[in-house]
Amino acid sequence: MNGLSANKENGRLLWLDFGRAAGMFIVLLVHAGAGPAVVRYYGGMFYMPIFFVAAGYVYRRRDGEFLGSFLRKKASRLLLPYFGTSAFLWTFFCAKDAELKWSSLFGILFSRNQMYQVGFAGENPVLLDILNAPLWFLTALFAVYLWYEIAERSGRKQLLLALGLLFSILWHYGTEILLPWSLDAVPYFACFFYAGERLREWELTRRRLWILPLLLVFVVGARINGSVNLSCGDYGVSMLLYLAVGTSGSYLIFAAGASVERYCEPVARLISLIGQETLTILCFHMFLFMFIRAGVALLGLSELLTDVLLVAGSMIMLTAAGRAWRAWKKGRA
C-alpha cells in the first residue's frame, strides 16, 4: 500500500492510532458521564468495535509460526496486563476495605461485567466491581485472536467465521446467559476483526466516494438500533444491524484520521500519542477517576471543570505514564 498507509511514525500508522485515540476518548466520556448526550450516543456506536477493527487491520499470520508461540505473544500483550491490573486493584480494595473480596476475585476469573444479559428478570449482580469493568475487553480480544487464528489456519476462514457468527446470534437470542471471557460473543467480535482486514485490502481511508454511504449507514442505523453495551450482551435492536453500524462508524473515524494526517500532520502525530497508550488508559482510567472525584469534592469545583479533569486530565496523565513506562522498559532492554 502507498500514500497515507505507508506514512508511519515509529512504525505505527498515524490515522490508525488516531482512531484508537478517538475510541478511547469516547470510552472516557461514557464512563465519566461527561459531554453532550448525543456525542456519547453516537460515539458509543463505535468506541468498542473500533478496537477490534484496528486489531484486524494490523493482524498478520506468519507462515511457520506455531499456534502456541502466537498465543504466548498475545497473552503477554493482553492477559498479563489484565491479570496484573486486576491483581493490583483487588489488593488495593481488599486493603482499603479491610476484607477479602472473594466475589470480586470470581469476577476477575469470569471476566464479564455480569452473568446475564441486560434486562434479565432475576438477580444480576455486577461482577467486575473493583473499578475493573473495562478490562473485559482484554480477555475478549485474546479469545478473538485465538478464534481468528484457528479460522485462518483451517483454510476455510470465511465459512468458520460465518458459522461462528451464527452461533453468537443463536446463543444471544436463545438464552440470557453470558459466558466467561465473552466466549458467546467472540465469534461476533471476530466479524469486526474481519472488517479490519477488509479495510486494509480496500484502502477505504483513501476513497472519499465511500464517505457519504458509510455516514448514511452509520447515522440511520444508529438511530434505528439504539444504544448498546457489548460487555453485557446488549446489541440494541439487531446484532446484524449493529455489525453494520459499528463497522461503518469505525471506518468513518479512520477516514477522519487519514484526513487529519493528510492536512494537519502535526495534530495527527500528537493525537497518535494517545492512541499508542490506550492499553494504559483502559486499565487505569476508572481507578484514576476515583482520586480525581475525591479531589474535586474537596475543592468544590464546577461540573464542567470536573468533566474536563476526568476526561482530558486522565487521558493526559495516563498517556504520560504509559510513555514513561515504555521508555523505562526500553532502557532496561
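This one's a predicted model, so the numbers in the text were calculated from it and none came from an experiment. In this chain, numbering begins with 1 at the start of the sequence shown.
Side-chain contact between Q114 and L127 is absent, with no heavy-atom pair separated by less than 4.5 Å.
Note on ring orientation: taking the six-membered ring where Trp is involved, the planes of Y59 and Y148 are perpendicular (angle over 60°, cut-offs 30° and 60°). Under the 30°/60° scheme for interplanar angles, the aromatic rings of F83 and W181 are found to be tilted. Taking the six-membered ring for Trp and thresholds of 30 and 60 degrees, H31 and H285 have nearly parallel ring planes, at less than 30 degrees apart. Ring geometry for Y57 against W15 counts as perpendicular: the plane angle is over 60°, on a 0 to 90° scale with 30° as the lower cut.
A donor-acceptor pair shorter than 3.5 Å cannot be found between the side chains of E123 and Y116. Side chains of N113 and S231: a donor-acceptor N/O pair is absent below 3.5 angstrom, by distance only. With no hydrogens or angles considered, no side-chain donor-acceptor pair links Y41 and S227 at under 3.5 Å.
Residues passing the side-chain hydrogen bond (donor to acceptor under 3.5 Å, both in side chains) test with E65, sequence neighbours excluded: K73.
Cation-pi contact between R198 and Y194: present, with separation from the ring centre below 6.0 Å and deviation from the ring axis of at most 45°. For the pair K74 and F142, the cation-pi criterion (under 6.0 Å, within 45° of the ring axis) is not fulfilled.
Side-chain atoms of R112 come within 3.5 Å of backbone atoms of L179 as a donor-acceptor pair (strictly under, hydrogens ignored).
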